[in-house]
There are 2 protein chains.
Amino acid sequence: MSNEASYKDKKVITIGIVRELTGLSERQIRYYEERKLIFPERTPGGSRKYSFADIELLMDIAEKIEDGVQTFEIRQEMMKDKKKAEQAKLRKKMIQGQLNAQFGIRKA
Amino acid sequence: MSNEASYKDKKVITIGIVRELTGLSERQIRYYEERKLIFPERTPGGSRKYSFADIELLMDIAEKIEDGVQTFEIRQEMMKDKKKAEQAKLRKKMIQGQLNAQFGIRKA
DNA sequence: CGTGTAAGGAATTCTGACACG
DNA sequence: CGTGTAAGGAATTCTGACACG
């Protein structure tokens, strides 16, 4: 419950491999970053590093762009989704708090 | 049952990242390949590509080397393990065949 | 707006070899 | 045997800019 995403989210893939895996051009991949849709990490030397999750995200982005959606709209959607996910997490945490209050601490 | 290893086994990581993740030198990583302990793929340009599974394997190898085990011994162990895994798979397949023979084809 | 491209430079990776022990 | 290193070259990546539309 804290490790299963260890491979999917680790930023270890350079842009050339991402290009092969997604079929996008490096220009496109960098542009989506410029538009705040994707957030690669960097090596000490400055090379971008992506995760498998980033690759899937890039393919979603590319599909939307093909459908005529503009980058700022995609960003808005993503922020909305992110907010929803955070709220869901919060709700879950509150329910857990209720349970702990009523039935005692089960975690330790 | 055919996709959960999709991230772990995909060869997408360049040697510099592997160096960071394992703490090994590039010299060591390339040497273990020369000794047939590890089998990276290549980009069209010739750069090595490793998987997360390779990284874990490299760390196992490094540990054994520290313990004084020689590369050819490690290779022998690996071949033995590989053979065992294949036999286990075979047994599984034969049992499945027995089941199918007795209770009919359930797969389709 | 989203993408292609040429430009120049820097970081990355490659191989084969010498060294040590 | 396993590893470090300097050498020279090739592949990879980076940024900022011009172009088109």
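Chain identifiers are assigned alphabetically (A, B, ...) following the order of the sequence lines, protein sequences preceding nucleic acid strands; residue numbering begins at 1 within each chain. If you're wondering where the values come from, they're calculated on a predicted model, not measured in any experiment. These values consider heavy atoms only, across backbone and side chains, with no hydrogens, waters or symmetry-generated copies.
For the atom pair CG (B:Leu57) and CD1 (B:Ile74), the distance works out to 9.5 Å, reported to the nearest 0.5 Å. Rounding to the nearest 0.5 angstrom, the gap separating the CE atom in B:Met78 from the NZ atom in B:Lys80 is 13.0 Å. Note that CD of B:Glu86 and NZ of B:Lys89 are 8.0 Å apart. Values are rounded to the nearest 0.5 Å.
When rounded to the nearest whole Å, the span between CD1 of B:Ile15 and C1' of D:dT3 equals 14 Å.
Grouping the Ile, Leu, Val, Met, Phe, Trp and Tyr side chains by contacts below 4.5 angstrom, directly or via other members, places B:Tyr31 with B:Val69.
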Open item on the list: I'd like to know whether A:Arg75 forms a side-chain contact (heavy atoms from CB on, under 4.5 Å) with A:Leu37, so could you lay out the CA-CA distance, the side-chain angles of the two residues, the decisive distance to 0.1 Å, and finally the verdict.
Closed with: CA-CA 6 Å; A:Arg75 182 169 50 235; A:Leu37 300 180; 3.6 Å; yes
Open item on the list: Show, in sequence, the C-alpha distance, side-chain angles and deciding distance for A:Ile15 and A:Arg30, and conclude whether the side-chain contact (heavy atoms from CB on, under 4.5 Å) test is met.
Closed with: CA-CA 9 Å; A:Ile15 198 166; A:Arg30 295 200 188 99; 3.8 Å; yes
Task: Verdict with reasoning, A:Leu21 to A:Val18, per side-chain contact (heavy atoms from CB on, under 4.5 Å) - done: CA-CA 5 Å; A:Leu21 261 36; A:Val18 175; 5.7 Å; no
Task: Bracket string, DNA chain D, 5' to 3' - pairs by Watson-Crick or G-U geometry under 3.5 Å, | interstrand - done: .||||.||.|.|.||.||||.
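For the pair A:Lys11 (side chain) and A:Asp54 (backbone), a donor-acceptor distance under 3.5 Å is absent. With hydrogens and angles ignored, the 3.5 Å screen pairs no side-chain donor or acceptor of A:Asp67 with any backbone N or O of A:Lys64.
Checked against ring-ring contact (aromatic ring centres under 6.0 Å, His included), B:Tyr50 has no partners two or more places apart in sequence or in another chain. Residues passing the side chain to side chain contact (heavy atoms under 4.5 Å, CB included) test with B:Leu24, sequence neighbours excluded: B:Thr22, B:Gln28, B:Ile29, B:Tyr32, B:Leu58, B:Ala62.
Taken residue by residue, residues 42-60 of chain B places heavy atoms nearer than 4.0 Å to DNA chain C at B:Arg42, B:Gly46, B:Ser47, B:Arg48. Within residues 61-78 of chain A, the residues that have a heavy atom under 4.0 Å from DNA chain C are, in order of number, A:Ile65, A:Gln70, A:Thr71. Residues of residues 17-39 of chain A that place a heavy atom closer than 4.0 Å to DNA chain C, in numerical order, are A:Ser25, A:Arg27, A:Gln28, A:Tyr31, A:Tyr32, A:Arg35.
The one candidate from B:Glu26, B:Glu41, B:Glu33 that meets the side-chain hydrogen bond (donor to acceptor under 3.5 Å, both in side chains) condition with B:Arg48 is B:Glu33.
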